[in-house]
Amino acid sequence: MTPPSPGAAEAPRKLTKKDFESDQDVRWCPGCGDYAILSAVQKTMPDLGLPKENIVFISGIGCSSRFPYYMNTYGFHTIHGRAPAIATGLKVARPDLKVFVVTGDGDGLSIGGNHMLHVLRRNVDVTILLFNNRIYGLTKGQYSPTSEFGKVTKSTPMGSADRPVNPLSFALGCGATFVGRTVDRDVRHMEEMLKRAAAHKGTGFLEILQNCNVYNDLAWNVMYEKETKIHHELRLEHGKPLLFGPADDRKAVIMKGVQPTVVKASAAPESALWIHDEKSVNAAKLLADLFFPDYPVPVGTLLDIEAPVYEHTMLDQEQRAISDRGPGDIAKLLTSGDTWKIE
Amino acid sequence: MSETVATVRGVPKKIKELDRAVIRFAGDSGDGMQLTGEQFTTESAVAGNDISTLPNFPAEIRAPAGTLFGVSSFQLQFGSQRVYTPGDRLDCLVAMNPAALKVHLRDLKPGGLLIVNTAAYDKRNLDKAGYPANPLDDPALGERYRLHKVDMSALTHEAIKDLPLNTKEKDRTKNFFALGLVSWIYTRSLEPTLDWINKKFSKRQDISAANVRVLKAGHAFGETAEIFGEHYTVEAADMPPGLYRAMTGNRALAWGLLAAAQRSTLPVVYGAYPITPASSVLEELAMHKRFRIRTIQAEDEIAAISSVIGAAFGGAIGVTGSSGPGIALKGEAIGLAVTAELPIVIFDIQRGGPSTGLPTKTEQADLMQALYGRNSESPVVVIAPATPGDCFYIAYEAVRLATKYMVPVFVLSDGFLANGSEPWLIPDVNTLPPIDVQFRTEPEGFFPYLRDPATLSRPWVRPGAPGLEHRIGGLEKQDVTGSISYDPENHDHMVRMRAEKVRRVAQEIPPTSINGPATGDLLVVGWGGTYGAITAAVERAQADGKSVAQIHLRHLNPLPPDLGHILREYRKILVPEINSGQLVRVLRAEYLVDAVGYNKVRGLPLPSEEIYESINQLLEST
């Protein structure tokens, strides 16, 4: 009864980006960062090597959540915050499908924060793309759970009293097995990270720093401006030291005691360098908290580890129950245990 | 009723034959009253009686010992004729402590059997129950009831004094003394209980031996103690022949899903968040993985229903179960299933409310929530089981309707049906109607909202089917194509389409069965767990020669197509419900009939006696 696994079907023709474009008019604001993400996702899809009918995009509510309508795959635009729960049920029913969850900072971390927590701790095999623009766009400009403290918006004219949540730290705290970050304006890096997150077995959590040019323009400007980006972007590479900045001003992140510290690269002895290890949860948790202005902004894969996948465990139990005792038989069950006959 | 003299092991004691008896075991939460009642039920089932049970326990897991709110009870009625309810007034009350006596004595018939464990009537327990003096010392008690004061604790300890158990463990077996004694009083065979003890405690031989010995000691006490001059028998009932088992409502719901899974050959994904009194459905299903039942204990009520909507999108049978407060949280997601036109089933095991209300008590006040408790126009199919065993058929029918019409189906059970049990005639599963799911695989001419002309259902497509990739969602969509549409006329069309689709389920409803004359003075209309109480009351009125009939609705949305016609065949209509008048309001609105409610919202089943009285009152009123 188990349907063929992704990739098992014969797919002689290599799919192209075009195959993943739907016939729907894209309705985001001109200049929105979502266009670049959509294009990158459509472009990387053929590289997954999966028949497109085995791919499903699930979203909640918000600007980012319109995403499934524009993908020529199976798609489900659901309700606010619940996409991770819907995706969990889908994977339990259909472990053979490749499922993406597209969400935003409000959808995924505010109204849907609870579901985000639990999909991550269960390690359901889905790829989560969290578009973080630090604002509510679709409701026209209220602050979001990732907005900075004191953010002045329509709903916070004197500045927000909320302290922001860090999506990467949150995900790691929930026990995520893959955590990465990329930026909407760095198309090549984004494509690379999309492939990595999608290839992960278990929940792949990818934060995409995304620009809302209407309500929160240039919130991530430090990563957009060539001048600041070169000074503040920390590209994570497994097995490589945490070095960043231009050649003439190279810096390193090292540990002083239990405190990450930025020093001149030339001043750091090789033995003191922090070698990035994607398999270290502890290191990932430290990295996740680094941010501008005190620290560089890490992009890339913070963590990539293996753990039991929720639906696999569940299906294993089902298979074990069937192989131990045979498939269920309702007629037998109804007459099992204490029964009595009336003549 | 006949009287004979029987010889039981040489001691002659009279055996009186009864048509029926109502017994309640009551004690502290820790006294094992639920178990005692369940075992007595099994003994009576094996004796061939018809039975109805009413477990009643506090919401607190370990309520402070001896308190009034910590009292737990189990009531059953068993009879040699059809038994429709657990009974209103008690023939026999076992009160294991003063609190149990205080809470339950008022329900005992004058002259009824009252059995108390005197050991528990100490100063401390009397204080906790609010008795200034020991009520057992009041001669009036013995005059009003047939009072049997038994020091069960001492007799229990005596029976097992040589066994290597500590005092607490020994004391815990005293419920078996009570069970043994009452089993003697009603001439029940101990065999079923002895079998159960052997199985249950197979790994604790010491406890098994103690329970067996105490059970037999209780039985022997009845046989030998001079205080019991007579005992009773209730002959086997005249029930349809066949193989029977005891069935509770929640187990029946779960097994109905198993049957649906097997018949449809689809996996069932059951997503739920633990909540009283629905949790046992989740627990039961989790034991049956062999049926390809996949249970998700979700992080909350919303995740529970969301997960099953995802499962339905994937081509599985999605089912969620909860009680009123949880259903309230699921409202928005149910609306998504309505507009996405995905087949899901929602079990609502109703309990007392509002808010947390009375978690362990029964109520029927979620009808309006099921019918209307969502934003905008969100029609769903609503059906309700009438008895614990009927839950099996209702669960199966819910899956059948949901998959045939691509629509959410609500099942309104309640705490009384969930925990109550009845002797259930085991059906031949081959006689259940087929559940024939056809997934669309043909890309040619496919649109996500194409409609079947008979059912108006849209095609169900499993992701993975090549060439049928499509998107659905919560936004309004154009009919047929499924493309997002904000067009005013299309929206009006879709609102009507979703309503009409639910309305078409009426073609699945069999002709309404009428218990009584097809035309007459009074029609009693009920739904859900009040079936037994209404039936008993109606049949009593009929026996009085009154022109009274009864119908019991299993389909609440859509209503049966013949209902309007039936309602007009009677001068008056009475609608008894455990709410403030919900079905009665629907009937008045739908059919412009002058239906009258009988409503009591106590957290308990409606007493048959009260329904009977209200039938008579309505008949006499002008």
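Here is how names work: the chains are called A, B, and so on, in the same order as the sequence lines, proteins then strands, and each is numbered from 1.
- A distance of 12.5 Å separates CG in A:Leu90 from OG in B:Ser306, rounded to the nearest 0.5 Å.
- With a 4.5 Å cut-off on non-hydrogen atoms, A:Lys91 does not touch chain B at all.
- There is no contact between B:Ala236 and chain A, counting heavy-atom distances below 4.5 Å.
- Each of B:His288, B:Arg263, B:Met247, B:Lys199 has some count of heavy-atom pairs under 4.5 Å with chain A, and the biggest count is that of B:His288.
- For A:Leu315, the part lying near chain B is the side chain, with the backbone staying farther off; criterion is any non-hydrogen pair under 4.5 Å.
- The candidate with the highest count of non-hydrogen atom pairs below 4.5 Å against chain A, out of B:Leu425, B:Asp300, B:Ile317, B:Ile309, is B:Asp300.
- A distance-only check finds no donor-acceptor pair linking the side chain of A:Glu53 to the backbone of B:Ala465 [under 3.5 Å].
- For A:Asp324, no part sits under 4.5 Å from any heavy atom of chain B, backbone or side chain.
- For A:Phe170, the CZ atom counts as densely surrounded, since its 6.0 Å shell holds more than 12 non-hydrogen atoms of other residues, nucleotides or ligands.
- Only the side chain of B:Ile426 comes within contact range of chain A, with heavy atoms under 4.5 Å apart.
- In terms of heavy-atom pairs under 4.5 Å with chain A, the best-connected choice from B:Asp195, B:Leu243, B:Val429, B:Ile296 is B:Leu243.
- Residue contact with chain B, scored on non-hydrogen atoms closer than 4.5 Å, is absent for A:Glu311.
- At a 4.5 Å heavy-atom cutoff, the contact between B:Leu342 and chain A is made by side-chain atoms alone.
- The residue among B:Thr339, B:Val46, B:Ile484, B:Val461 with the most heavy atom pairs within less than 4.5 Å of chain A is B:Ile484.
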*Assess whether side-chain contact (heavy atoms from CB on, under 4.5 Å) is satisfied between B:Tyr396 and A:Ile330, documenting all intermediate values.*
CA-CA 12 Å; B:Tyr396 186 91; A:Ile330 187 68; over 6 Å; no
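- Within a 6.0 Å sphere centred on NZ of A:Lys17, other residues, nucleotides and ligands contribute more than 12 heavy atoms.
- Between chain B and the residues A:Val92, A:Val99, A:Leu117, the largest count of heavy-atom pairs under 4.5 Å involves A:Val92.
- A:Arg121 and B:Glu299 are not joined by a salt bridge, as no carboxylate oxygen comes within less than 4.0 angstrom of a charged side-chain nitrogen.
- Interface remark: B:Trp424 contributes side-chain atoms only to the contact with chain A (heavy atom separation under 4.5 Å).
- Chosen from A:Asn114, A:Val56, A:Asp23, the residue pairing most often with chain B at heavy-atom distances under 4.5 Å is A:Asn114.
- Contacts of A:Arg320 with chain B are absent, with no heavy-atom separation under 4.5 Å from either backbone or side chain.
- Residue B:Pro240 touches chain A through its backbone alone, counting heavy-atom pairs closer than 4.5 Å.
- Atom CZ of B:Phe447 has 12 or fewer heavy atoms from other residues, nucleotides or ligands within 6.0 Å.
- Contact of A:Phe57 with chain B is not made at all, since no heavy-atom distance falls under 4.5 Å.
- With a 4.5 Å cut-off on non-hydrogen atoms, B:Ala45 touches chain A through its backbone and its side chain both.
- Scanning residues 333-343 of chain A against chain B with a 4.5 Å heavy-atom cutoff picks out A:Leu333, A:Leu334, A:Thr335, A:Ser336, A:Asp338, A:Thr339, A:Trp340, A:Lys341, A:Ile342, A:Glu343, ordered by number.
- Note: A:Asp329 CG to B:Leu258 CG = 11.0 Å, rounded to the nearest 0.5 Å.
- Between B:Arg462 and A:Arg94, the closest side-chain pair of non-hydrogen atoms falls below 4.5 Å.
- Applying the side-chain hydrogen bond (donor to acceptor under 3.5 Å, both in side chains) test to pairs two or more places apart or on separate chains, those with a residue in residues 69-86 of chain A are A:Tyr69-A:His77, A:Asn72-B:Arg471, A:His80-A:Asp107, A:Arg82-A:His115.
- Under the 3.5 Å distance criterion, the side-chain polar atoms of B:Arg290 are left unmatched by any main-chain donor or acceptor of A:Ile322.
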